[in-house]
Amino acid sequence: MTSILSHAIRSVPATSTWAVRFSARSFSCSPLSHAAVQPKSKKTLAKNGVKNIVVVDGVRIPFLQSGTSYADLMPHDLARASLQGLLNRTNVPKEVVDYIVYGTVIQEVKTSNVAREAALGAGFSDKTPAHTVTMACISSNQAMTTGVGLIASGQCDVVVAGGVELMSDVPIRHSRKMRKTLLSLNRAKTLGQRLALVVKIRPDYFAPELPAVAEFSTSETMGHSADRLAAAFAISRVEQDEYALRSHTLARKAQDEGLLTDVIPFKVPGKDTVIRDNGVRPSSMEQMGKLKAAFVKPYGTVTAANSSFLTDGASAVLIMSEEKALAMGYKPKAYLRDFVYVSQDPKDQLLLGPTYGTPKVLERAGLTMADIDVFEFHEAFAGQILANFKAMDSDWFAQNYMGRKSKVGAPPLEKFNKWGGSLSLGHPFGATGCRLVMTAAHRLKKEGGQYGVIAACAAGGQGHAMIVELYPQ
């Protein structure tokens, strides 16, 4: 694909020109006051005969770098904290919640249905059903849209959706040979049978199977894919570092101005209370430039500084039918409108979910890029974001890879991830989708917008995009 995409690059601005334009606009976001801006008046996306579904509110415990304050906990501990925080924030009676669904990726085998264990731990009735979904980095997106489907079909009125990931403690298995031997030992009935199995054990049986963030179908790590994608779209190391620095700088600004209101304090058992994401670390281009390639060595452009980091965290949102929310006296944050899931080649197009999903969801909603006031995209890697920008802004790519007549266009930076993103705030695989939705809703209110687009790529070459509409003020 690299050779093919080299042709596509000619249809967008040259790298040097694009880099200059990007550099000039990276920090062009105007300062935000703390007073909410009155939204512009546009048509609503309500449809006749289709139930309006709203997000009442949402919370997340601080996203922390793995191996820090959450290291001694289990995933259901984090998920429980997000559920309890949502209950405290909204005061929704537990018995009103019809269903709970959570997303996660690296499952703890002891609590494989982490939604259920977290719900019981948070004090929900054992009569409240709960299940867990997994769809890589869009797992909580899937949790939310599962909730939307339950409400739209009339099965439920109130759903809690969320996600959790604990990368500090991931399952490490024995080798397959050792697992087979141990299972056979468990079935052995006599001492002789046990001894016959034991003497077959060899030193290599003890080699553990370590987990890796890699594609099963291609055996390629996502970082390696990001490096190849950046090379295919001629994204330079400088551009990637500039974008990463932008993400950290804007995230720190949002923290300092108190804009990340979905973050709730979490008293870690036996430790201090954590109150903010701990991966936000604005650096300098000089410092970032000293880091070596992390995946394609020695000449790759993806480094630890321009990649999202392994993160622990959990999130939760309260979703209702509009009718139910109003009957209970709530003022919702936003409508959850059209959404799409997309899937493409998991090798060469692994990280292009936003490129494929954005035009589809806009068409479903009858909107254009110009109608969108807020963009919140998951930042797996700086190179991934910039490659998506170029792909979205290429007629050639749209025509030859997407079967479209023309490009959808790249999001303007002044509307894009203005409060930081996964590169800086962190990316607990199963929990990021809820963060995107709540950030979009809060930004729409703050900036006086009406429509937001959230989008994300995911392992397996999949992706998600959704329209969020501000609830009338």
Side-chain angles (χ1 to χ4, degrees), residues 1-2 4-5 8 101 103-107 132-149 161 163 165 212-230 232-233 308 336-365 375-381 383-385 387-392 394 396-405 407-408 410-411 422 427 429-434 436-437 453-467:
M1 182 179 175
T2 302
I4 298 174
L5 289 182
V101 55
T104 196
V105 179
I106 310 296
Q107 293 191 346
T132 302
V133 297
T134 186
M135 204 172 181
C137 299
I138 51 176
S139 293
S140 63
N141 306 63
Q142 182 58 251
M144 288 185 289
T145 56
T146 297
V148 168
E165 212 67 49
V213 184
E215 295 294 303
F216 180 80
S217 60
T218 66
S219 298
E220 187 174 71
T221 66
M222 191 170 284
H224 193 109
S225 297
D227 230 326
R228 286 195 302 101
L229 188 69
F233 280 96
S308 59
L336 299 181
R337 298 300 194 186
D338 294 276
F339 61 87
V340 298
Y341 288 92
V342 294
S343 185
Q344 51 276 342
D345 175 15
K347 185 172 180 64
D348 287 333
Q349 301 187 55
L350 176 68
L351 302 170
L352 293 179
T355 296
Y356 284 84
T358 301
K360 285 188 175 183
V361 80
L362 290 175
E363 286 179 352
R364 287 181 64 91
F375 293 89
E376 284 293 328
F377 284 15
H378 162 49
E379 300 169 346
F381 304 88
Q384 162 254 334
I385 288 291
N388 273 276
F389 281 3
K390 283 198 172 184
M392 294 171 75
S394 169
W396 190 92
F397 188 88
Q399 293 161 4
N400 288 273
Y401 279 89
M402 303 174 66
R404 305 182 61 83
K405 293 181 180 179
K407 64 188 180 183
V408 68
S422 301
H427 173 43
F429 299 150
T432 289
C434 294
L436 295 174
V437 164
V453 168
I454 71 160
C457 59
Q462 303 193 101
H464 174 254
M466 176 189 281
I467 302 290

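Because the structure is a prediction, the values reported are computed rather than measured. For reference, positions follow the sequence shown, starting with 1.
With rounding to the nearest 0.5 angstrom, the OG atom of Ser308 is 8.5 Å from the CD atom of Gln384. To the nearest 0.5 Å, the span separating CG on Leu436 from NE2 on His378 amounts to 8.0 Å. Atoms CD and OG, from Gln349 and Ser225 in turn, are 11.5 Å apart once rounded to the nearest 0.5 Å. Taken from CD1 in Ile467 to CG in Leu336, the straight-line distance is 11.5 Å, to the nearest 0.5 Å. In this structure, the separation between CD1 on Ile106 and OG1 on Thr134 is 8.0 Å, given to the nearest 0.5 Å. Considering CE of Met466 and CZ of Arg337, their distance stands at 11.5 Å, rounded to 0.5 Å.
Across every non-hydrogen atom of Ala410 and Phe389, the tightest pair is CB-O, 3.6 Å. When all heavy atoms of Gly163 and Ala431 are compared, the closest pair comes out as O-CB, 3.4 Å. Smallest separation of non-hydrogen atoms from Ala458 and Ala136: CB-CB, 4.0 Å. Contact detail for Gly147 and Val101: the closest heavy-atom pair is N-CG1, 4.5 Å. Contact detail for Gly461 and Leu350: the closest heavy-atom pair is N-CD1, 3.3 Å. For the pair Cys457 and Gly353, the tightest heavy-atom approach, listed with the atom from each and the gap, is CB-N, 4.0 Å.
The aromatic rings of His464 and Phe339 sit tilted relative to each other, their planes meeting at an angle between 30° and 60°. Under the 30°/60° scheme for interplanar angles, the aromatic rings of Tyr401 and Phe397 are found to lie parallel.
Two residues are said to be in side-chain contact when any heavy atoms from C-beta on lie closer than 4.5 Å; Phe377 and Val453 meet this criterion. For the pair Ser343/Gln462, a side-chain contact is recorded, criterion being any heavy-atom separation below 4.5 Å from C-beta on. Side-chain contact check for Met392 versus Lys407: every heavy-atom pair is 4.5 Å or farther apart. Residues Met135 and Asn141 fail the side-chain proximity criterion, which asks for heavy atoms closer than 4.5 Å. Side-chain contact between Pro359 and Met402: present, with at least one pair of heavy atoms (C-beta onward) separated by less than 4.5 Å. Between Arg228 and Asp348, the closest side-chain pair of non-hydrogen atoms falls below 4.5 Å. Side-chain contact between Ile138 and Thr432 is absent, with no heavy-atom pair separated by less than 4.5 Å. Counting heavy atoms from C-beta on, the side chains of Leu352 and Leu229 come closer than 4.5 Å.
Of the possible polar contacts, none joining the Asp338 side chain to the Val361 backbone as a donor-acceptor pair under 3.5 Å is found. Looking only at distances, no side-chain donor or acceptor of Ser139 sits under 3.5 Å from a matching main-chain atom of Val105. Looking only at distances, no side-chain donor or acceptor of Ser394 sits under 3.5 Å from a matching main-chain atom of Lys390.
Thr145 and Tyr341 are linked by a side-chain donor-acceptor pair at a separation below 3.5 angstrom, with hydrogens and angles left out of the test.
Within a 6.0 Å radius of CZ in Arg404, other residues, nucleotides and ligands contribute more than 12 heavy atoms.
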Legend entry - Evaluation steps, side chain to side chain contact (heavy atoms under 4.5 Å, CB included), between Gln107 and Thr132: CA-CA 10 Å; Gln107 293 191 346; Thr132 302; 4.2 Å; yes
